[in-house]
J.: 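Can you read through this structure? Questions will come right after.
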Amino acid sequence: MADKKDVLINIMEDRKLDGLLITDGYNIHYLSGYSGHEGCMLITKEEAYILTDSRYTEQLEKQAPDFKCVDIKGKSYSYRINELLGNGAVSLNRKPNIGFENMHISYNQYDKFNQTFGDTVNLVKLDDTINDLRAVKSDAELEKLAMAEALGDKAFHHIISFIREGMTEKEVALELEYTMKKLGADGLSFDTIVASGENSSMPHAAVSDKVIVRGDFITMDFGCIYEGYCSDMTRTVIMGDSVSDKQIEVYNTVLKAQTEALKLVKPGVKCSDVDACARQIIADAGYGDYFGHGLGHGVGLFIHEEPRFSPKCDKVLQQGVCITVEPGIYLPGKFGVRIEDMIAITDNGYKNLTTSPKELIRIDV
Ligand SMILES: [Mn+2]
């Protein structure tokens, strides 16, 4: 925490703030170690507090010993924050400037903050200041991300020998989830996607009772949480040994888009340039209208973090960033393909944290 406290003090000094009010549960977790996702953090030059209710106070004291734990005892967060501000959390003879997470606060909560201490405090928008701190991972964080992704790889290895013709998408999804948890995952990083046949044309299809039949592409997008950190991977496989020329063409286009985009990845490269590389390959193959989403997203404590491989992200890759590379082509009413790896940016390139094969796997039964 000492390092992170210094970073926060620097932010306060740079932006002429007297305090920070941090409301995003992932940011609180990142800065303190407290993972309860119920609470509010108040940092001033003098003190560092986390406020929560009695369900979490014991956990908070264990996980975040460097912070003063404040039990709100039935009062609102705004009431207790106001109390702290009035009782020495800031010692100034002018209105304090307190940064708040405008991107991570409900309108209702903002309204309460304003009503309670709007006259005595200047609330200053922090935008994504704290989120951006999370983009570059420490070695310890990268180890947890790699471990989480390894559990996904093991589950994929298992699932390709488990899938049988006639199983439903739900059965396959359950087995993936069960396997990751049995291997040691603490939870899932998002709802597992198993989309077969026509359903695979929907990038985020909901898992259904659809029965998997021969000739179906099966897109599996899944991940787990290991010691707080998320994993994310996608593979598309074919049920049976008959695969159409069109399916092969689309699959190979997605694979080429991914492998060529990966070749660009290293520190200093603009995120939008990596996205553009994959997008151009897909457009050149005639499928430009069928790749609507961004090429990838940062991964950490939360499944979708900064930076993004998207046409509008002008951030530059830095060593320590963990990000997915996941091009796809989705032909409505027909089928879709997505291939996704999760990578960590190194000093001169990247390390692929996903080790599952990417050539088209035929589930032969
Ligand atoms: Mn993803």
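Each residue takes its place number in the sequence, starting with 1. Counting starts at 1 for both ligands and their atoms, following the listed order.
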J.: NZ of K266: more than 12 outside heavy atoms within 6.0 angstrom?
T.: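 Result for NZ/K266: open.
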J.: Measure up the H37 and H29 rings against each other and bin them: parallel (under 30°), tilted (30 to 60°), perpendicular (over 60°).
T.: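 Taking H29 first and then H37, their aromatic rings stand perpendicular (interplane angle over 60°).
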J.: I'd like to know if R164 pairs up with E171 as an ion pair, taking the criterion as any Lys NZ or Arg NE/NH1/NH2 lying under 4.0 Å from an Asp or Glu carboxylate oxygen.
T.: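 No salt bridge links R164 with E171.
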J.: How are the rings of H304 and F302 set to each other: parallel, tilted or perpendicular (split at 30° and 60°)?
T.: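 H304 and F302: perpendicular rings.
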J.: Could you tell me whether the side chain of T234 reaches within less than 4.5 Å of the side chain of I339, counting heavy atoms only?
T.: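 I339 vs T234: side chains apart.
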J.: When F100 is tested against each of F113, Y77, Y110 for ring pair (Phe, Tyr, Trp, His ring centres under 6.0 Å), which residue passes?
T.: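 Of F113, Y77, Y110, ring pair (Phe, Tyr, Trp, His ring centres under 6.0 Å) with F100 is met by Y110 alone.
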J.: Using a distance threshold of 2.8 Å, what protein N/O/S atoms lie below it relative to the Mn ion (ligand 1)?
T.: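 Those protein N, O or S atoms (cut-off: under 2.8 Å from the Mn ion (ligand 1)) are D232 OD2, H297 NE2, E326 OE2, E340 OE2.
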